[in-house]
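On a predicted model such as this, the values are computed, not experimentally measured, just so you know. The first residue of the sequence shown is numbered 1, and numbering continues consecutively from there. Atoms within each ligand, like the ligands themselves, are counted from 1 in listed order.
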Amino acid sequence: MSDSQVSLFTRIINSEIPADIVYEDDQCIVINDIAPQAPVHMLVIPRKPLARLVDAVKDDEMIMGHLLWVAGEVARMRGIENAFRLVINNGAGAGQTVFHLHLHVLGAKQFHETDLTTL
Ligand code: 5GP
């Protein structure tokens, strides 16, 4: 893989770019979003550089489940366990800008059903 294909999030995982790290383990890292869209806005990022959700294969099932579990854990750590939202943008047409799978964990704001299509 050439340097230009290495994602921004892989560079953060490799400590080449600084980030505010909330949590990390052998499979993923959680950072605060640089441009938060809610008072709590974290990104759960697998160390494996899957570009998009649809690029995950059957063998990635364990990782995908782990990412969801971690999202709940960090929500609890930040005190938003009773009201938070998870968002995954899949593809440029859905607003994905960083092509390394990540879950947005958003909380500490008032949510309305009509917010579902935003981010
Ligand atoms: P996407 O639009 O791909 O679903 O989300 C990408 C997210 O990454 C955005 O919310 C954006 O603010 C965040 N982001 C982009 N560059 C950086 C960075 O250098 N550091 C951090 N912590 N977040 C970033």
- Item | Heteroatom distance test (Phe9, ligand 1): nitrogen or oxygen, under 3.5 angstrom | no

- Among the heavy atoms of His104, does any lie under 4.0 Å from an atom of ligand 1? yes

- Query: Do the side-chain N and O atoms of Arg78 and Asn32 include a donor-acceptor pair separated by under 3.5 angstrom?
  - Reply: yes

- Polar side-chain atom of His41 near backbone of Gln37 as donor-acceptor pair, under 3.5 Å: yes

- Message: In the structure I gave you, are the side-chain heavy atoms of Tyr23 and Ile21 within less than 4.5 Å of one another anywhere?
- Response: no

- Answer with yes or no whether the hydrophobic clustering places Val87 together with Leu67; edges join I, L, V, M, F, W, Y residues whose side-chain heavy atoms lie under 4.5 Å apart. no

- Task: May I ask whether Asn32 has any heavy atom positioned less than 4.0 angstrom from an atom of ligand 1?
- Result: yes

- Are Arg76 and Glu81 close enough for a salt bridge, meaning some N to O gap below 4.0 Å? no

- Item | Shortest non-hydrogen contact from Asp26 toward Arg47 | O-CD, 3.2 Å

- Task: With heavy atoms under 4.0 Å as the rule, classify the contact between Leu8 and ligand 1 as side chain, backbone, both or neither.
- Result: side chain

- How does Ile34 reach ligand 1, by side chain, by backbone, by both or by neither, if only non-hydrogen atoms under 4.0 Å count? both

- Message: Does any N or O of ligand 1 fall below 3.5 Å from an N or O anywhere on Gln96, backbone included?
- Response: no

- Query: For the residue pair His104 and His102, is the inter-centroid distance of their aromatic rings smaller than 6.0 Å?
  - Reply: yes

- Task: Answer yes or no for Ala19: is there a heavy-atom contact with ligand 1 below 4.0 Å?
- Result: no

- Selected option - heavy-atom contact closest to atom 3 (O) of ligand 1, from Thr97, Asn89, Asn90: Thr97

- Query: Can you list the atoms of ligand 1 that are under 4.0 Å from a heavy atom of Ala35?
  - Reply: 12 (O)

- Task: Before signing off on this row, confirm whether His41 and ligand 1 have an N or O atom pair separated by under 3.5 Å.
- Result: no

- Item | Leu43, portion touching ligand 1 at heavy-atom distance under 4.0 Å | side chain

- Donor-acceptor contact below 3.5 Å, side chain Asn90 vs main chain Leu53: yes

- Can you find an N/O atom of Asp33 closer than 3.5 Å to an N/O atom of ligand 1? yes

